[in-house]
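In what follows, chains are A, B, ... by sequence order, proteins preceding strands, each numbered from 1.
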There are 2 protein chains.
Amino acid sequence: MAEENESNYDPSKFDKPSVTVDLVVFTIKDNNLYILLIKRGVWPFEDSYALPGGFMRMDEKLKQAALRELHEETSIKDVFLKQVHTFSDIDRDPRTRVITVAYLALINSDNVTLAADTDAKEARWFPVTKMPKLAFDHKRIIEYVHKDLRHNIDNYTMISKFLGDKFTLTQMQNAIEAIHNHTVDKRNFRKKILSLGILSELDEVSRETFRPAKLYSLKKKLSIIQ
Amino acid sequence: MAEENESNYDPSKFDKPSVTVDLVVFTIKDNNLYILLIKRGVWPFEDSYALPGGFMRMDEKLKQAALRELHEETSIKDVFLKQVHTFSDIDRDPRTRVITVAYLALINSDNVTLAADTDAKEARWFPVTKMPKLAFDHKRIIEYVHKDLRHNIDNYTMISKFLGDKFTLTQMQNAIEAIHNHTVDKRNFRKKILSLGILSELDEVSRETFRPAKLYSLKKKLSIIQ
DNA sequence: TGAATAGTGTCTTTCAGACAATATGCC
DNA sequence: GGCATATTGTCTGAAAGACACTATTCA
């Protein structure tokens with residue numbers, strides 16, 4: 001690390017950037033992929049949509065800051081988080097020098113009511129295919145994190161963050177297809193998923209469709225990711 | 001992003017962490033994978049080895065800071081860099097709150113003389129299998145970045161960062177094997193690499209071995225990775 | 001001519017992808 | 001019984017992996 005030539009270290013010697021976290025929160029509703037955005041009420045970018053996020057405090061780690069900010073702004077808790085990239089363009093924030101650490105977040109929208117008992121500003125889900133104009137460099141951040149999601153979803157261990165603990169194979173396939181924006185053959189999908197050995201067949205069925213479907217859960221193996 | 005409730009933004013309102021970059025610089029020598037470490041001369045962790053790195057300045061981006069610090073401490077230039085992860089444990093630095101952005105760096109050791117015309121402290125290559133005791137949380141950072149290297153080397157487009165522009169298939173195979181610490185069958189390796197269509201056969205041979213070997217170069221396609 | 005390393009081909013197994021009919025539960 | 005959707009198997013082509021001998025250059 002740094003400062004190997006100073007025998008007396010003075011932390012005030014260097015200017016420091018502000019450090020924020022920004023969250024790209026994904027969910028799946030009606031077989032489509034959505035991202036959560038907040039409407040800004042103040043300068044800069046007043047009335048623009050932006051990613052939820054905010055400043056890291058001195059008594060918390062980045063991931064804790066991400067969880068706290070998300071909860072403050074949307075009342076969401078218990079979310080899956082994965083750090084993706086740190087953005088540091090010098091003029092990315094007109095107020096002052098700010099670097100931001102971008103997090104990927106996955107939630108099951110069934111379990112969430114946005115802006116319930118909270119002081120959050122307007123929070124809304126937007127389809128990834130229909131993003132509004134965004135504040136700061138948040139368009140770029142979303143593109144970066146969305147790509148990360150597509151590259152990483154194929155180990156399938158994150159899928160329950162979208163679907164909950166129990167899900168049918170059709171629900172799983174629909175989710176994967178929404179994320180990739182691409183359909184696959186049902187028989188091939190099932191053959192591959194089952195051959196991976198990551199699912200447990202449960203003694204329960206889902207009755208959300210005409211013919212009931214078997215429910216599955218993820219085996220309790222640790223994910224490669226995080 | 002942050003601070004949506006304040007109509008007058010005051011950047012001094014929040015304490016800020018220091019922000020550093022740390023580099024895990026890999027090279028391959030004698031078919032082994034090495035990491036570059038610097039010996040610390042001052043508190044804290046005096047006389048411990050540590051990763052090269054240092055503070056980001058207000059007039060540069062993180063990647064520029066990484067390039068600058070590496071050049072200052074080791075005289076290395078023209079290095080391949082990839083941001084990997086930002087570490088933010090509260091007590092990871094005994095001096096003050098410091099978050100650090102870890103970079104993966106790959107160099108061809110043939111082109112580098114360490115600590116040449118520079119004011120660098122002692123800089124040495126260590127085999128990844130024989131790391132000394134390290135300052136800060138640098139052991140953890142190395143493990144994280146090393147894993148990232150292993151997961152990403154298999155698109156093969158980074159291999160020339162280790163080997164230079166021209167290399168034989170045997171050199172390439174040895175490098176891949178060193179990174180994975182695992183041998184593969186020579187015929188299968190060649191069949192696969194050539195089938196990828198990423199290499200151009202040159203009209204030159206390497207005479208470093210008894211029987212001269214054909215030289216190859218990477219085709220000028222853009223890498224997936226940065 | 002022998003030492004050292006470059007270069008090469010076949011067989012088997014596994015995985016990916018195209019493809020359509022049957023089974024079940026509900027109304 | 002008809003509707004909606006769950007469930008299932010085969011074939012084919014491509015890629016991965018096991019495996020050993022010949023070719024070339026130099027000393």
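When DNA chain C is scanned 5' to 3' for any atom under 4.0 Å from a heavy atom of chain A, the first and last hits are C:dA16 to C:dC26. Interface limits on DNA chain D: the 5'-most and 3'-most nucleotides within less than 4.0 Å of chain B heavy atoms are D:dA16 to D:dC26.
Partners of B:Glu201 by salt bridge (Lys or Arg N to Asp or Glu O under 4.0 Å), not counting sequence neighbours, listed by chain and number: B:Lys214. Remark: B:Lys166 engages B:Glu204 in a salt bridge (Lys or Arg N to Asp or Glu O under 4.0 Å) (not counting sequence neighbours). B:Asn108 is linked by a side chain to side chain donor-acceptor pair (under 3.5 Å) to nothing, counting only residues two or more places apart in sequence or in another chain. In this structure B:Lys139 satisfies the salt bridge (Lys or Arg N to Asp or Glu O under 4.0 Å) test together with B:Glu143, sequence neighbours excluded. Partners of B:Tyr49 according to the ring pair (Phe, Tyr, Trp, His ring centres under 6.0 Å) rule, which considers only residues two or more places apart in sequence or in another chain, are B:Phe126. Qualifying ring pair (Phe, Tyr, Trp, His ring centres under 6.0 Å) partners for B:Phe26, counting only residues two or more places apart in sequence or in other chains: B:His146. With sequence neighbours excluded, no residue forms a ring pair (Phe, Tyr, Trp, His ring centres under 6.0 Å) with A:Tyr34.
In summary, A:Asp148 and A:Lys82 engage in a salt bridge, as defined by a charged side-chain N under 4.0 Å from a carboxylate O. Salt bridge annotation for B:Lys61-A:Asp89: present, with a cationic side-chain nitrogen under 4.0 angstrom from a carboxylate oxygen.
Across residues 176-190 of chain B, B:Asp185, B:Arg187, B:Asn188 each have a non-hydrogen atom less than 4.0 Å from an atom of DNA chain D (numbered order). Heavy-atom distances under 4.0 Å link DNA chain C to B:Thr209, B:Phe210, B:Arg211, B:Pro212, B:Ala213, B:Lys214 of residues 200-216 of chain B, given in residue order.
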- Message: Let's go through A:Thr86 and B:Thr86 carefully: what are the C-alpha distance in whole Å and the side-chain angles of both, what is the deciding distance for side-chain hydrogen bond (donor to acceptor under 3.5 Å, both in side chains) to 0.1 Å, and is it a yes or a no?
- Response: CA-CA 7 Å; A:Thr86 301; B:Thr86 300; 2.6 Å; yes
- Item | Worked verdict on A:Thr100 versus A:Asp22 for side-chain hydrogen bond (donor to acceptor under 3.5 Å, both in side chains) | CA-CA 7 Å; A:Thr100 194; A:Asp22 284 308; 2.7 Å; yes
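Heavy atoms of A:Thr168 sit nowhere under 4.0 angstrom from any nucleic acid atom.
B:Arg190 and B:Ser195 form no side-chain donor-acceptor contact under 3.5 Å, judged by distance and modelled atom types alone.
One axis for each end of the helix from C:dT1-D:dA27 to C:dC27-D:dG1, each built from five base pairs, and the angle between them comes to 0° at 10° resolution.
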